[in-house]
Amino acid sequence: MKKLLCLLCAFTAAAGAFCSFGFAKVERQTALTEGCKSACLIDYDSGECVYKDNEHVRMPIASVCKVMTLTLCLDAVESGALSLDEKVYISENASGMGGSQIFLENGHSYPLSELVKSIVVCSANDSCVAVAEKISGSEDVFVARMNEKAAELGMDNTLFANCTGLPKDTQYSCAADVAVMFANLIKHAEYFDYSRIWLEDFAHEGGRTTSMTNTNKLIRSYNGCDGGKTGFTNEAGFCLAATAKRENLRFVSVVLGADSSEHRFKSVSEMFDYGFANYKNKIILDKTITLNDDFAVKGGKKAEFQVMPAEDVYLFCKRGEEPEATFRIIADGVKAPVAKGQPVGRIEVFKNGVLYKTVNVVSAEDVKKANYLDRLKEVSDGWSL
């Protein structure tokens with residue numbers, strides 16, 4: 001296979017350097033987060049931070065903690081350990097949770113999908129505990145797993161003490177960690193099946209219903225917002241982690257410790273406005289287009305085959321800037337047979353000479369294994385008179 005190291009775009013290098021957490025430094029021209037103690041705005045695809053204010057300061061985050069509860073639940077669904085259709089038994093402990101709740105009935109069972117929906121839409125504490133007990137057997141064991149997951153995600157300024165976010169002295173996080181946590185949650189497509197719901201009734205046995213209204217007002221008032229998690233306690237103030245997408249650009253915005261509900265929604269909206277106005281995503285690899293170089297294959301009916309990236313790759317940058325982007329393909333030593341869509345290597349994308357993203361490369365065609373006659377013909381073709 002030919003060595004591939006192609007210059008895709010020639011642009012001026014981006015002005016910002018990277019800070020120790022991997023976020024790009026930006027000059028704060030004006031405060032976008034009125035009445036908030038901490039804030040962070042990141043590009044979802046790259047994780048690059050484009051606005052920050054006290055983003056690593058530890059503080060309580062109230063029900064925003066439920067982002068991790070939902071993450072572990074949807075991780076379990078993705079792995080096959082749980083199904084959204086299966087029933088979850090409600091213990092006395094779960095049904096007795098205070099704060100925001102859906103009033104689950106002790107001793108009854110509910111579909112997991114409905115419990116997840118109630119957590120996403122109306123921040124139900126009782127559903128959180130029920131899910132925790134279903135996954136881990138007890139809330140304490142589940143919380144230990146929450147902290148393990150936080151460590152896996154590099155959330156160094158986070159410690160969970162329960163799965164609900166109800167006040168507890170030993171529980172804290174920061175805006176930067178919440179942004180990472182929420183970005184990880186929304187990788188689960190199922191999350192958006194619930195996050196866009198504004199108003200819906202939750203059905204109990206016997207015909208009783210509980211009305212659910214989405215606590216994230218931005219899904220109705222902000223163009224492109226399709227998900228978020230609110231939180232409030234007297235200790236934490238008003239908190240919000242939210243996401244918005246326009247065309248191929250998605251941001252995650254977080255504010256903690258706001259002095260009013262109005263200020264948390266206003267601040268998150270203004271950070272979104274700043275991001276969409278000043279940044280862009282430029283597509284540099286299209287998953288529907290084959291790459292220029294062919295891959296070598298051993299033992300196939302043909303010696304080479306075409307490949308393509310497994311997913312679209314975008315380069316995040318400021319509007320008006322064009323960073324230098326290069327890439328190289330790494331083969332895994334492919335042997336026939338090869339199926340169309342089969343991973344056969346990876347492609348490394350570099351932004352201004354720094355590794356930016358790695359994605360799989362897949363076969364664009366089927367390659368059948370060579371038989372005896374194919375090999376005989378290959379040998380005879382190599383003979384010379």
Side-chain angles (χ1 to χ4, degrees), residues 1-11 44-47 74-84 152 184 186-190 192 245 247-250 281-317 322-385:
M1 186 188 77
K2 297 188 294 252
K3 181 180 179 181
L4 181 59
L5 183 58
C6 297
L7 183 65
L8 295 181
C9 321
F11 295 96
Y44 165 72
D45 188 59
S46 67
L74 294 182
D75 281 353
V77 171
E78 182 179 12
S79 71
L82 283 178
S83 166
L84 287 169
E152 291 170 12
N184 183 73
I186 63 178
K187 291 178 182 178
H188 294 284
E190 298 94 338
F192 293 104
K245 182 178 181 180
E247 297 179 346
N248 59 21
L249 186 58
R250 178 181 287 280
N281 260 336
K282 180 180 177 65
I283 190 165
I284 56 172
L285 289 174
D286 188 326
K287 66 182 179 182
T288 66
I289 299 177
T290 57
L291 301 174
N292 292 332
D293 277 26
D294 291 334
F295 260 36
V297 58
K298 296 179 181 179
K301 284 184 173 290
K302 55 192 302 186
E304 295 182 326
F305 65 104
Q306 291 188 311
V307 297
M308 58 180 56
E311 59 188 86
D312 294 333
V313 177
Y314 298 93
L315 203 64
F316 179 73
C317 59
E322 301 289 356
E324 179 185 80
T326 57
F327 72 94
R328 75 173 168 221
I329 293 178
I330 301 170
D332 287 340
V334 184
K335 296 181 180 180
V338 178
K340 183 177 181 179
Q342 176 183 327
V344 292
R346 61 190 184 277
I347 185 164
E348 295 179 341
V349 180
F350 296 83
K351 178 181 178 182
N352 295 330
V354 178
L355 183 62
Y356 179 74
K357 193 169 187 179
T358 301
V359 298
N360 284 337
V361 172
V362 299
S363 175
E365 56 184 313
D366 293 323
V367 181
K368 294 183 178 180
K369 189 174 182 178
N371 56 32
Y372 174 77
L373 293 177
D374 294 321
R375 292 197 179 100
L376 186 62
K377 183 177 184 302
E378 183 179 350
V379 171
S380 63
D381 288 343
W383 293 343
S384 58
L385 297 175

For the side chain to side chain contact (heavy atoms under 4.5 Å, CB included) test, which of D366, V297, T290 pairs with F305?
->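 Of D366, V297, T290, side chain to side chain contact (heavy atoms under 4.5 Å, CB included) with F305 is met by V297 alone.
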From [X] atom [atom1] to [Y] atom [atom2], the distance as rounded to the nearest 0.5 Å:
{"X": "L285", "Y": "I347", "atom1": "CG", "atom2": "CD1", "value": "4.5 Å"}
{"X": "R328", "Y": "F350", "atom1": "CZ", "atom2": "CZ", "value": "4.0 Å"}
{"X": "K369", "Y": "K298", "atom1": "NZ", "atom2": "NZ", "value": "13.5 Å"}
{"X": "F327", "Y": "L355", "atom1": "CZ", "atom2": "CG", "value": "14.0 Å"}
{"X": "D312", "Y": "D286", "atom1": "CG", "atom2": "CG", "value": "5.0 Å"}
{"X": "T326", "Y": "E348", "atom1": "OG1", "atom2": "CD", "value": "10.0 Å"}

Could you pull out all residues at least two apart from E190 that satisfy side chain to side chain donor-acceptor pair (under 3.5 Å)?
->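 Result, side chain to side chain donor-acceptor pair (under 3.5 Å) vs E190: none returned.
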For the residue pair [X] and [Y], what are the closest heavy atoms and their distance?
{"X": "A339", "Y": "S363", "value": "O-CB, 3.6 Å"}
{"X": "D45", "Y": "Y314", "value": "OD2-O, 3.9 Å"}
{"X": "A325", "Y": "I284", "value": "CB-CD1, 4.5 Å"}
{"X": "V367", "Y": "G300", "value": "CG1-CA, 4.3 Å"}
{"X": "V361", "Y": "F295", "value": "CG1-CZ, 4.4 Å"}
{"X": "A336", "Y": "K368", "value": "CB-O, 3.9 Å"}

Do K357 and L315 have side chains that get closer than 4.5 Å, going by heavy atoms?
->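 The answer is no; the side chains never approach within 4.5 Å.
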Any donor-acceptor N/O pair, N360 side chain to A310 backbone, under 3.5 Å =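 Such a contact is absent between N360 side chain and A310 backbone.
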Side-chain donor/acceptor of K351 to backbone N/O of F316, under 3.5 Å |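 Looks like yes, one N/O pair under 3.5 Å.
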NZ/NE/NH1/NH2 to OD/OE distance under 4.0 Å, K187 and E78 =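 E78 and K187: not salt-bridged.
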Does the side chain to side chain contact (heavy atoms under 4.5 Å, CB included) test come out yes or no for I186 and R250, once each step is laid out?
-> CA-CA 11 Å; I186 63 178; R250 178 181 287 280; 3.9 Å; yes
Check whether more than 12 heavy atoms from other residues, nucleotides or ligands sit under 6.0 Å from atom CD of E152, and answer yes or no.
->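 Result for CD/E152: enclosed.
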Could you check K302, K301, K340 and say which one makes a salt bridge (Lys or Arg N to Asp or Glu O under 4.0 Å) with E365?
->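 Going through K302, K301, K340 one by one, the salt bridge (Lys or Arg N to Asp or Glu O under 4.0 Å) with E365 is satisfied by K302 alone.
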